[in-house]
Amino acid sequence: MASGAALRALRKRIVPSFTPQSFASAFNHRSISTLVLAEHEGGSLKIQSVSAVKAARSLGKDNSISLLLAGSGPKLHEAAAQAASCDPSVSQVLVADSDEFSHPLAEPWAKLVQLVQQKGGYSHVITTSGSFGKNIMPRAAALLDVSPITDVTEISEPHLFVRPIYAGNALCTVRYTGVGPCLLTIRATSYPVSPISSDSKSNEASISQVDLSTFGEDSICKSRYVKHTSQDIERPDLGNARVVVTGGRALKSAENFKMIEKLAEKLGAAVGATRAAVDAGYVPNDLQVGQTGKIVAPELYMAFGVSGAIQHLAGMRDSKFIVAVNKDADAPIFQVADYGLVGDIFDVIPELLEKLPEKK
């Protein structure tokens, strides 16, 4: 019995107290520095990247934020100049200028993230959870041998995050316990920002070139750029529009879907579509709203002929006001709609087009 008491006393002395709280406290006392992977197009920084910066700011007051831009040519440097003044919390802009980054392919971008991370030793790497982030971040995480946390909607602590699961029907709190950098993709609609001012010149961050002298050694790119297509239209971008007008499979044809486009023009809105409408060939897939498309959260979301499948609701349920028109009174879309109209869209849309004033 004496030996048993001695063992218990020794165990108490040599085994430290370890709790999740003490674990989190140890993480919080480490210095925080964040690398934000930024998107740009036509010499301008995309607004989603500013949302990623806003998310990075919530990691801590002493967080040092660096923006990473990659590409080639003068447009890259125009975007870098804009990025330097996009947010006062940005301390530096890193520019990787090479023909390797003329197009955002996953392989070279992931290698670039690995290179910059190894030199900078960042505690966090963040980008948005759009097609850009979904393409690059998993491969970069594999190269860094860490597990990424995707589609984050809230940052509670530097290593405690909230993300939706089950198509947005539940929220999951995740604690990162890895020893390497914490890689995150964030939902841009959870961190809305104002449009970037072109004449903002205050609080400009320094701009530095990334040393690419060792980049590309023994690298084999298994994907190649084919082409880029875009619609030459003046409608707002779907991901950031204040008003979105969406059509579903009930429109029956690409010709009928033009009614949605005309209505959007009158309202100054962006056009969206369900996966069923995209799969049927009514519109291109860059207009798809939903779990496998774009996540939107406009002030007004109008759904015409949309049944309200769970995958679609996951992409628009955070909208401030939802208006639904469907001839099926039991359609699931009415369960999330603030205003609903049971009626035939082929009667409702022409009447709206007739009575709505022309957009000024």
Side-chain angles (χ1 to χ4, degrees), residues 33-53 56 65-84 86 90-148 150 180-186 188 196 205-230 239 286:
S33 58
T34 305
L35 179 68
V36 175
L37 312 185
E39 298 179 73
H40 63 94
E41 185 177 19
S44 298
L45 187 70
K46 289 192 175 182
I47 194 68
Q48 297 96 312
S49 296
V50 186
S51 294
V53 173
I65 301 175
S66 300
L67 254 66
L68 174 62
L69 282 79
S72 62
K75 293 296 184 182
L76 169 65
H77 298 280
E78 290 178 21
Q82 186 186 52
C86 71
V90 176
S91 59
Q92 68 171 334
V93 176
L94 303 175
V95 178
D97 190 346
S98 171
D99 291 339
E100 292 269 1
F101 309 113
S102 298
H103 310 291
L105 296 178
E107 287 96 335
W109 253 100
K111 289 282 290 182
L112 176 63
V113 172
Q114 182 189 30
L115 174 67
V116 175
Q117 168 60 29
Q118 289 173 345
K119 291 182 178 180
Y122 298 94
S123 62
H124 295 74
V125 180
I126 294 179
T127 191
T128 53
S129 55
S131 57
F132 177 80
K134 290 177 181 177
N135 189 32
I136 294 167
M137 205 59 107
R139 184 176 289 272
L143 291 177
L144 294 170
D145 196 24
V146 297
S147 296
T150 60
C182 180
L183 269 63
L184 306 172
T185 63
I186 62 102
I196 305 171
S206 62
I207 301 176
S208 305
Q209 296 289 327
V210 177
D211 182 7
L212 300 174
S213 59
T214 60
F215 183 81
E217 294 179 358
D218 302 325
S219 63
I220 300 175
C221 193
K222 295 184 179 180
S223 62
R224 62 185 179 88
Y225 172 80
V226 178
K227 65 177 179 178
H228 174 257
T229 58
S230 61
D286 61 325

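Taking Ser33 as the reference, nothing meets the side-chain hydrogen bond (donor to acceptor under 3.5 Å, both in side chains) condition, with sequence neighbours excluded.
Considering every non-hydrogen atom in both Leu67 and Cys86, the closest pair reads CD2-SG, 4.2 Å. Here the closest non-hydrogen pair linking Ala110 and Ala140 is CB-N, 3.7 Å. Listed here is the closest heavy atom pair of Leu76 and Ala96: CD2-O, 3.7 Å. Smallest separation of non-hydrogen atoms from Leu69 and Ala80: CD2-N, 3.9 Å.
Here the NE2-CD distance, from His40 to Glu78, works out to 11.0 Å after rounding to the nearest 0.5 Å. Note that CD of Gln48 and OG1 of Thr128 are 6.0 Å apart. Values are rounded to the nearest 0.5 Å. How far NZ of Lys119 is from CD of Gln114: 11.5 Å, rounded to the nearest 0.5 Å. The structure places CD1 of Ile126 at 8.0 Å from CE of Met137, a figure rounded to the nearest 0.5 Å. Separating the CD1 atom in Ile207 from the NE2 atom in His77 is a distance of 9.5 Å, to the nearest 0.5 Å. For the atom pair CD of Gln92 and OG of Ser208, the computed distance is 5.0 Å after rounding to the nearest 0.5 Å.
A heavy-atom distance below 4.5 Å is not found between the side chains of Asn135 and Pro104. The shortest side-chain heavy-atom distance between Glu100 and Leu112 does not fall under the 4.5 Å cut-off. Considering only heavy atoms from C-beta on, Val210 comes within 4.5 Å of Leu68 through its side chain. Taking 4.5 Å as the limit, every side-chain heavy atom of Thr185 sits out of range of all side-chain heavy atoms of Lys134. For the pair Ser123/Cys182, no side-chain contact is recorded, criterion being any heavy-atom separation below 4.5 Å from C-beta on. With a 4.5 Å cut-off on side-chain heavy atoms, Val36 and Val90 do not count as touching. Counting only heavy atoms from C-beta outward, the side chains of Leu115 and Leu212 approach each other to under 4.5 Å.
Judged by distance alone, the side chains of Ser72 and Ser102 do bring a donor and an acceptor atom under 3.5 Å apart. Residues Glu39 and Ser49 bring no donor and acceptor atom of their side chains to less than 3.5 Å of each other.
Here the rule is side-chain contact (heavy atoms from CB on, under 4.5 Å) with Leu183, and of Leu35, Leu37, Val146 only Val146 fits it.
A tilted orientation is assigned to the rings of Phe215 and Phe101, their planes being inclined by 30° to 60°.
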